[in-house]
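Shown next, in structure tokens, is the structure this report addresses.
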Amino acid sequence: LAKTTQPISMDSYEGQEVNITCSHNNIATNDYITWYQQFPSQGPRFIIQGYKTKVTNEVASLFIPADRKSSTLSLPRVSLSDTAVYYCLLNSGGYQKVTFGTGTKLQVIP
Amino acid sequence: GAVVSQHPSWVICKSGTSVKIECRSLDFQATTMFWYRQFPKQSLMLMATSNEGSKATYEQGVEKDKFLINHASLTLSTLTVTSAHPEDSSFYICSAQGGGSAGELFFGEGSRLTVL
């Protein structure tokens with residue numbers, strides 16, 4: 001049973017803001033929410049991580065509501081190079097295993 | 001940020017041979033590493049958890065005698081695909097978990113295995 005649920009795919013035009021939502025209804029108290037980006041034939045790359053409320057870094061923002069049952073990755077003004085698969089993961093540290101859901105394939109259109 | 005390196009990036013081998021893939025944490029010690037397998041257009045599937053100094057923990061359906069994992073030091077884990085067959089052709093990715101409560105995972109670049 002997947003711990004997270006995301007849309008399978010999304011399309012966006014260049015320059016637009018993209019929001020990808022992830023559902024995690026059974027998130028545990030000590031789980032952090034982490035988003036990764038993966039290009040073909042490469043390992044996943046860390047984008048952003050948060051526990052609650054809002055987190056922002058130089059490439060993205062992460063919005064987490066109070067109940068933490070979902071999260072939204074926001075990519076401002078996407079470019080063609082943002083075409084990739086985006087994964088939302090729950091991890092609690094303590095060397096607990098981390099499993100992947102389906103991810104969201106984002107296609108940025110010129 | 002922390003770096004995890006895999007070697008080789010790609011390998012082609014004949015059916016029946018064994019192939020070893022290395023995963024190194026370059027600037028931190030990794031007590032635990034994870035091995036994933038990814039088929040085309042699919043998500044990453046966890047194969048096993050590699051623990052330094054002890055036996056790996058395999059996920060259900062993963063043959064431990066076929067996918068040998070050795071984690072002999074705090075910076076190196078190896079995955080050996082024994083008696084490889086074409087159906088073992090896949091993209092193998094390792095990851096190591098950093099310290100701290102957030103448990104951020106750092107991933108290697110992946111290793112593409114093609115079995116002829």
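Not less than 6.0 angstrom separates the ring centroid of Phe39(B) from the ring centroid of Phe91(B).
Ion pairing of Glu22(B) with Arg24(B) is present here, as a side-chain N (NZ or NE/NH1/NH2) and a carboxylate O approach within less than 4.0 Å.
Each of Glu59(B), Gln42(B), Met45(B), Gln6(B) has some count of heavy-atom pairs under 4.5 Å with chain A, and the biggest count is that of Glu59(B).
Looking at Leu44(B), the atoms closer than 4.5 Å to chain A (heavy atoms on both sides) sit in the backbone and in the side chain alike. Looking at Tyr51(A), there are no atoms closer than 4.5 Å to chain B (heavy atoms on both sides), in backbone or side chain.
Asn91(A) and Thr34(A) share a side-chain donor-acceptor pair at under 3.5 Å.
Partners of Lys66(B) according to the salt bridge (Lys or Arg N to Asp or Glu O under 4.0 Å) rule, which considers only residues two or more places apart in sequence or in another chain, are Asp88(B).
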